[in-house]
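The next block holds one structure in the form of structure tokens; read it before the comments.
Reckoned from all heavy atoms, side chains included, excluding hydrogens, waters and symmetry mates.
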Amino acid sequence: MKKHETADDLLNAVGPAFGKLRRSSLLEVENPIPQKDLSRTLILNIVLEAEQRPERQPDAPAAPDAAPREITVGGVAAHLGVDPSVASRMVSDCIAAGYLIRAASQQDGRRTVLRLSPEGRNLMARFRRHQRDAFEYITASWSEHDRLEFARLMLRYVTDQDAVRTRPSAPRTDRATPRAAGNDGAPRPA
């Protein structure tokens, strides 16, 4: 491992390190998950997280009997930050593999939502076991304290990242105002 001389060196190395995590570590442990299924778990995890997080109104406490959140192809695209057509192809691949199913929304019958199939649930359970095995394998030489502290800090980082992603964005002040707009806000011809 390369030693980082300063705090800046260490913090600058975090981004590239995150990039290496998913690409390499899960492929090099015993009984690896095939590369194609590893890619599919990205989509399946988004659907699984939506199913596990109940729907709730902002600033309202979570009700124990609340319905699971529903996720659409558009929601997957937004979560991944990709074009809807890219998300649609990824979702279609998961459906063709038997890991996802399309279903009518229980909240709005005009919408089509995504659900994990039994095969998708089995793949995700296997993937979670594989992730745990990889973590234990990679950190085998670490003290239990270091392993647990790293796990705690990683979970905190992911929680804070989700909070940043889901909070309402502040109005941007760097946007240009419409040129020669009338009182109604519609642009006027130049």
Task: Where Ala13 and Pro16 come nearest, the two heavy atoms and their spacing - done: O-CD, 3.5 Å
Open item on the list: Can a donor-acceptor pair be found, under 3.5 Å and without considering hydrogens, that links the side chain of Thr139 to the backbone of Phe135?
Closed with: yes
TODO: Flag yes if Leu80 and Val113 sit in one hydrophobic cluster, no otherwise; membership is Ile, Leu, Val, Met, Phe, Trp, Tyr, and two members link when side-chain heavy atoms are under 4.5 Å apart.
DONE: no
Open item on the list: Test of understanding: clusters of I, L, V, M, F, W, Y form through side-chain heavy atoms closer than 4.5 Å, transitively. Do Ile43 and Ile101 belong to the same one?
Closed with: no
Task: Residue pairs involving residues 71-96 (criterion salt bridge (charged side-chain N to carboxylate O under 4.0 Å, His left out); sequence neighbours excluded) - done: Lys36-Asp93, Arg40-Asp93
Task: ILVMFWY network linking Tyr137 to Leu148, side-chain heavy atoms under 4.5 angstrom - done: no
Task: Distance (rounded to the nearest 0.5 Å) between Arg111 CZ and Glu70 CD - done: 5.0 Å
Open item on the list: Show the nearest heavy-atom pair for residues Ala103 and Arg115, with the distance to one decimal.
Closed with: CB-CG, 4.3 Å
Open item on the list: Quick check on side-chain contact (heavy atoms from CB on, under 4.5 Å): which of Leu114, Val91, Thr41, Ile71 does Ile46 satisfy it with?
Closed with: Ile71
Task: Arg121: partners by side chain to side chain contact (heavy atoms under 4.5 Å, CB included), with sequence neighbours left out - done: Leu48, Glu51, Leu116
TODO: Working to the nearest 0.5 Å, report the span between CZ of Phe127 and CG of Asp37.
DONE: 10.5 Å
- [ ] Rounded to the nearest 0.5 Å, what's the gap from CD on Glu49 to CG on Asn45? Could you check?
- [x] 4.5 Å
Task: Nearest heavy-atom neighbours spanning Val76 and Ala87 - done: CG1-CB, 4.2 Å
TODO: Find the distance between CE (Met124) and CD (Gln131) and round it off to the nearest 0.5 Å.
DONE: 7.0 Å
TODO: Could you check if a side-chain atom of Arg156 sits within less than 4.5 angstrom of a side-chain atom of Thr159, using non-hydrogen atoms only?
DONE: no
TODO: Please check if atom CD in Gln106 has more than 12 non-hydrogen atoms from other residues, nucleotides or ligands closer than 6.0 Å.
DONE: no
Open item on the list: Strictly by salt bridge (charged side-chain N to carboxylate O under 4.0 Å, His left out), give each pair with a member in residues 136-146 just once, sequence neighbours left out.
Closed with: Arg132-Glu136
Task: Under 3.5 Å: donor-acceptor pair, side chain of Thr112, backbone of Arg102 - done: no
Open item on the list: Does either side chain, that of Ser105 or that of Gln107, offer a donor lying less than 3.5 Å from an acceptor on the other one?
Closed with: no
Open item on the list: Would Asn122 and Arg126 count as a side-chain contact (heavy atoms from CB on, under 4.5 Å) here? Give the steps.
Closed with: CA-CA 6 Å; Asn122 288 339; Arg126 192 170 134 235; over 6 Å; no
Open item on the list: Distance check, rounded to the nearest 0.5 Å: Ser39 atom OG versus Gln35 atom CD?
Closed with: 4.5 Å
